[in-house]
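Report on one structure; see the data block that follows.
Below, all heavy atoms of this structure are taken into account, side chains as well, without hydrogens, waters or symmetry copies. Predicted model, so just to flag it, every value in this text is computed and none were measured. Below, chain A is the first sequence line, B the second, and so on; all start at residue 1.
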2 protein chains.
Amino acid sequence: MPNPSDNLERQIERRLAEQQVRLTSGRRVVIAALAAGDGPRSVAEIHRRIRRRVPLSSLYRTLAVLEAAGVIALHHSSKGITRYELADWLRGHHHHLLCIECGGVDDIEIPPSLEKDLRHIVSRVGVGANFHPTDHALEIAGLCAKCT
Amino acid sequence: MPNPSDNLERQIERRLAEQQVRLTSGRRVVIAALAAGDGPRSVAEIHRRIRRRVPLSSLYRTLAVLEAAGVIALHHSSKGITRYELADWLRGHHHHLLCIECGGVDDIEIPPSLEKDLRHIVSRVGVGANFHPTDHALEIAGLCAKCT
DNA sequence: TTCCTTGCAAACGATTTGCATTGGA
DNA sequence: TCCAATGCAAATCGTTTGCAAGGAA
């Protein structure tokens, strides 16, 4: 039985090969840590999760390489903390829930009908502002289930 | 004829007085710099704009105080740059346009009907995710008029 | 072999803090 | 007056880089 994350890894392998970027063991470790999460992770969180098997400097370089290759994407949230997550084409278009109590960030996929409405809003705003939208993100702040 | 920014300053004075926070000359300078902009400003931009009359360390402290008092709000955008702007209750609820070419960030107010649709989406997403929304932000990335 | 990648340590830029001084309510 | 706010310099934090050593094509 095919494991969906096997498939994910194969997609990433193909992408990196196309871009002539080597998939080394350290890079695999970092990708696995990001794939395991259900939201964007900070560099410090990734570092902790992989139990420091990849030194910080290499971790930063790895993240930069993967971002340039389009495998992961940056997310900017509270307190100037930079977070990374798998790119949309790997994990699907989604939005974020930011808890104002615990500071956590979670991914959320919204139903197609709502996503359609949202795209409609974005395109109308773009026309009105003489701006050409290529992407959008809805960030919802509030209290998560745990902190309610 | 009353100047709208006089009114703004009075609102801020009242708010700070309520919170027993002193409105010193340095803080006035910083607030004026933020009120003059039409989008969130980075610390470096503010520092330049006030011609270094407030040293960096004091500027950081001032921004922290104003944020705690609810007069200004943080905004997180590309490259881990932290930006500040007047709080929503002072400048009205709005969203952001992020240019992927020049890195600029601009404020945009969207028409009430679209804002209503957006609130509707947010509340439906919240219910579905067992999350209690208190605020939302639509960040639209793309090409600004200048960079098209 | 030939580059690319890694690890370490040092460098860097942004932000924070300690402390003595100044200034506002 | 009296405590909060300021300015400076030093400390700290997250991130980047130079360089020599290790590893994959």
- Carboxylate-amine/guanidinium contact E109(A) R91(A), below 4.0 Å: no
- Taking the nucleotide of DNA chain D with the closest heavy atom to each, which residue, S25(A) or S58(B), is nearer the 5' end? S58(B)
- Query: Starting at the 5' end of DNA chain D and moving along, which residue's nearest nucleotide shows up first, R61(B) or Y84(A)?
  - Reply: R61(B)
- Message: For the CD1 atom of I31(B) and the CG atom of L16(B), what is their distance to the nearest 0.5 Å?
- Response: 6.0 Å
- Query: Is a side-chain donor-acceptor pair under 3.5 Å present for D106(A) with H96(A)?
  - Reply: no
- Query: Whole Å only: how far is the CZ atom of R28(A) from the P atom of dG23(D)?
  - Reply: 17 Å
- Query: What is the distance from OH of Y60(A) to P of dC8(C), rounded to the nearest Å?
  - Reply: 16 Å
- Query: Considering heavy-atom distances to DNA chain C, does S57(B) or T24(B) have its closest nucleotide positioned more toward the 5' end?
  - Reply: S57(B)
- Task: Would you please indicate if the ring centroids of H136(B) and H95(A) are separated by under 6.0 Å?
- Result: no
- Whole angstrom is fine here: how far is it from CD in Q20(B) over to P in dC3(D)? 15 Å
- Message: Without decimals, in angstroms, what is the distance between R22(B) CZ and dA25(C) C1'?
- Response: 6 Å
- In whole angstroms, how far is the C1' atom of dC8(C) from the CZ atom of R53(A)? 19 Å
- Which of dG7(C), dG7(D), dT5(C) is nearest the side chain of V54(A)? It is dG7(C)
- Check the distance between dT6(D)'s C1' and L59(B)'s CG and give it to me in whole angstrom. 13 Å
- Please state how far atom NE2 in H47(A) lies from atom P in dT6(C), giving the value in whole angstrom units. 14 Å
- Between dT6(D) atom P and L56(B) atom CG, what is the distance in whole Å? 14 Å
